[in-house]
Every structure is written in C-alpha cells, then in structure tokens.
Amino acid sequence: MKKIVVGGLEGKMGSFLVEAIKAEEDIELVAGVSEVEQLDGEIPIYNDIQKVLDEVEFDVYVDFTVYQFAKMASEVMLKAGKAIVIGTTGFNKEDLDYLKTIAKENGGKGVIAPNFSIGAILINKFTEICSHYFDNFEIVEYHHVNKKDQPSGTATYIANTLDCALKRKLTSTHVHSVRMPGVLAKHQVLVSDEYQTLELIHQSNSRHSFEKGIILAIRKVSELDELVYGLQHLLD
Ligand SMILES: NC(=O)C1=CN([C@@H]2O[C@H](COP(=O)(O)OP(=O)(O)OC[C@H]3O[C@@H](n4cnc5c(N)ncnc54)[C@H](O)[C@@H]3O)[C@@H](O)[C@H]2O)C=CC1
Ligand SMILES: O=C(O)C1=N[C@H](C(=O)O)C[C@H](O)C1
C-alpha cells in the first residue's frame, strides 16, 4: 500500500486526484495540505509541511499547488529523504538543479512533471524529431481562464527541448499564451520552412488525461534513486 499526502487537495487537480485514487486499491490518502489547517476531518489537513513530516507516516508527497509553495515543499521533503511527485508548474532550471542536488545529498527521490498525459510526452518527442529537419517553431498554449501561471509548464518544457535540440534560445516571443472559457488545456507547435508548414496539437479534454500518469508516478517513484524532470523517465 502506498500512503500519500496530497498538497492542494482542495484545488482542481488535487480534488480530481483525491476522487481518482479511491478506485486504486494500493494507494491510500492519509493527509492533505492546504492553505488552512483542519485536523479534525476524515483525514488531517495541514498547512505546515514540517508538521506533515513530524506527524504523518507516508510514502509519497504529491503536489498540485502553486509554484512558490511547491518549491518550498519539494525542498523540505527532499531534505528529509522523502519521495515526491510534483505536478505543479513553474520550476526553472536553477530550481531543478538545486532540488536534484538536495535529493542526491539526502537520499530523496522524485519526479517533477509539467504534464502527466501521455499525449503531452509524445508532442514533446515529435517536436524534438521536427528539430532535426526544421528551424522555425512557434508554441501556442491554450488554457482555462483560472490558470494562474503563464506560459504553461508544458509549453516551457517543449521550448527547453527545442533550445537543447537547436542549440539556440527560443525567445519569449516564440511561446504564446491564450486563456479562454471552454478550454481545459491545449498545446500547439507550429513548424515551418520556406515551403511547408506542420502543426502538432495535443489537447486535454478532461483531467482524466493526467490520471494514468500521476498514478504511475505514485507507484514507481520509490524505484528511482534521484529526482527526475518529466514523466518520460518513468516510462519503459
Ligand atoms: N503536471 C500536470 O499534468 C498538471 C499540472 N497542473 C498544475 O498544477 C497546479 C495546480 O493546478 P490547479 O489544481 O488547476 O490549481 P488550483 O488553483 O485549482 O489549486 C491549487 C491549490 O493549491 C492550494 N494552495 C495555494 N497556495 C497554497 C499554500 N501556500 N499552501 C497550501 N496550499 C496552497 C490552493 O488551496 C488550491 O487548493 C498548477 O501549477 C498547474 O499548472 C495542472 C494540471 C495538470
Ligand atoms: O493548469 C493546468 O490546467 C495545466 N497545467 C499544466 C501546464 O502548465 O502545462 C499541464 C496542463 O497543460 C494543464
């Protein structure tokens, strides 16, 4: 049985995950983390990450909150040698390098993944393939109006893949953000040369698109011996 603590369990992704894991016999929610502490409910809800470590017996800390909180929680958990699954977006290269070092020094492990859907991993792979043949890329990300960060973690991830592949920095003008009612999450990569265009599109029509990836990460994270960035590190 994997005992998990979910940070942001009252948010859109956190509450979705809490429902989703009810169907999983080997995963149990033992505590939550939110903006307000509430210790007398069905499960205890904390606001203080150190208190979670001191009072709760758990295997994996899962986070769908906001960047600043997730960064702090990841650091505290990794320093305590814990396993983490972080879906919260906004982590930059410096954050990741620092957290990887902390994990190594303290026996912590984990996955930080800006997108848990298989389709998003594939659009990133296809984009990388395109970079072998094309030089011109535009990334457009479309999300619901309540999304707090911009550009999306997935768009940044794809841009970084291209930066590495093309060995040049995509300027921010190459990543475009659209916020519209009726949209959940969509990523579009436009590719061209002088004579042709190619469009790659991935769309999440439901939060169920993230479910398999998150469950897989919770099950497999303990097998890692480091902190990795991207769900593809856990796929065969
Ligand atoms: N990796 C993935 O596949 C996905 C990642 N996300 C990311 O997950 C994050 C959350 O997204 P949503 O659930 O849509 O947002 P949301 O706004 O609905 O939920 C955020 C939750 O974080 C909690 N929170 C905020 N500040 C806090 C603090 N200081 N202490 C404790 N809890 C705090 C809020 O109470 C809220 O419950 C975003 O960064 C989003 O980009 C979203 C969907 C999929
Ligand atoms: O906030 C969201 O909803 C999503 N956030 C992630 C991101 O920033 O890439 C993943 C997905 O696009 C949904």
Side-chain angles (χ1 to χ4, degrees), residues 63 67 70-71 74 78 84-104 109-143 147 149-179 183-205 209-210 212-214 216-217 220-221 223-236:
D63 191 294
Y67 164 67
K71 190 169 77 158
S74 300
L78 291 171
I84 60 173
V85 171
I86 309 295
T88 305
T89 46
F91 288 80
N92 59 38
K93 188 175 174 326
E94 270 172 31
D95 299 330
L96 294 165
D97 288 346
Y98 172 67
L99 292 172
K100 280 180 184 183
T101 306
I102 299 268
K104 202 180 246 176
K109 54 189 67 175
V111 56
I112 298 180
N115 200 311
F116 282 102
S117 68
I118 186 70
I121 291 161
L122 290 174
I123 196 174
N124 190 58
K125 266 188 196 260
F126 294 144
T127 304
E128 204 272 333
I129 293 171
C130 289
S131 73
H132 301 171
Y133 307 98
F134 292 90
D135 288 333
N136 303 292
F137 293 85
E138 299 287 328
I139 301 167
V140 194
E141 56 98 345
Y142 308 75
H143 281 84
K147 182 163 176 63
D149 56 322
Q150 184 174 313
S152 70
T154 310
T156 305
Y157 193 89
I158 295 170
N160 288 340
T161 299
L162 278 169
D163 286 346
C164 292
L166 298 168
K167 306 259 187 304
R168 68 170 164 79
K169 187 96 189 122
L170 279 181
T171 66
S172 58
T173 54
H174 291 90
V175 181
H176 313 270
S177 297
V178 178
R179 297 290 174 264
V183 178
L184 179 56
K186 173 173 161 180
H187 291 90
Q188 180 180 28
V189 182
L190 306 170
V191 187
S192 82
D193 66 17
E194 265 180 278
Y195 309 109
Q196 59 194 313
T197 60
L198 174 67
E199 286 182 33
L200 305 172
I201 295 175
H202 173 257
Q203 190 154 330
S204 280
N205 299 318
S209 60
F210 309 116
K212 271 192 191 165
I214 302 169
L216 174 102
K220 283 192 143 182
V221 65
E223 294 168 20
L224 293 170
D225 55 6
E226 59 180 339
L227 177 70
V228 297
Y229 185 46
L231 182 67
Q232 72 277 11
H233 294 279
L234 291 178
L235 300 175
D236 298 326

Distance, nearest 0.5 Å, that separates CZ of Phe91 from OG1 of Thr89: 9.0 Å
Verdict with reasoning, Thr161 to Thr127, per side chain to side chain contact (heavy atoms under 4.5 Å, CB included): CA-CA 8 Å; Thr161 299; Thr127 304; 5.7 Å; no
Nearest atoms (heavy-atom pairs only) where Gly230 meets Val111: O-CG2, 3.8 Å
Side chains of Lys100 and Glu226 in contact at under 4.5 Å (non-hydrogen atoms): no
Ile112 side chain near Leu96 side chain, heavy-atom distance below 4.5 Å: yes
Exam field: side chain Asp193 to backbone Phe134, donor-acceptor pair closer than 3.5 Å: no
Side chain to side chain contact (heavy atoms under 4.5 Å, CB included) between Ile84 and Leu227, worked out: CA-CA 8 Å; Ile84 60 173; Leu227 177 70; 4.0 Å; yes
Test item: Ser204 side-chain N/O and Ala185 main-chain N/O as donor-acceptor pair under 3.5 Å: no
Any donor-acceptor N or O pair under 3.5 Å, side chains Ser152, His143: no
Closest non-hydrogen atom pair, Asp95 against Gly90: OD2-O, 4.2 Å
For Thr156 against Pro151, the heavy-atom pair lying closest together: OG1-CG, 3.8 Å
The single option from Ile158, Asn124, Ile201 passing side chain to side chain contact (heavy atoms under 4.5 Å, CB included) against Val189: Ile158
From NE2 (His202) to NZ (Lys186), nearest 0.5 Å: 11.5 Å
N/O donor-acceptor pair under 3.5 Å between Asn160 side chain and Tyr157 backbone: no
Reported CG-to-CD1 distance for the pair Leu231 and Ile118, which is rounded to 0.5 angstrom: 7.0 Å
Distance-minimising heavy-atom pair for Gly110 and Val221: CA-CG2, 3.5 Å
Side-chain touch Pro114/Tyr229, heavy atoms, less than 4.5 angstrom: yes
Spacing of SG belonging to Cys130 relative to CZ belonging to Phe137, to within rounding of 0.5 Å: 5.5 Å
Separation between OG of Ser74 and OH of Tyr67, rounded to the nearest 0.5 Å: 10.0 Å
Matching residue for Leu200 among Ile139, Leu190, Ile123 - test: side chain to side chain contact (heavy atoms under 4.5 Å, CB included): Ile123
Within-4.5 Å side-chain heavy-atom neighbours: Glu141 and Arg179: yes
Pairwise distance CG(Leu224) to NE2(His233) - rounded to 0.5 angstrom: 9.5 Å
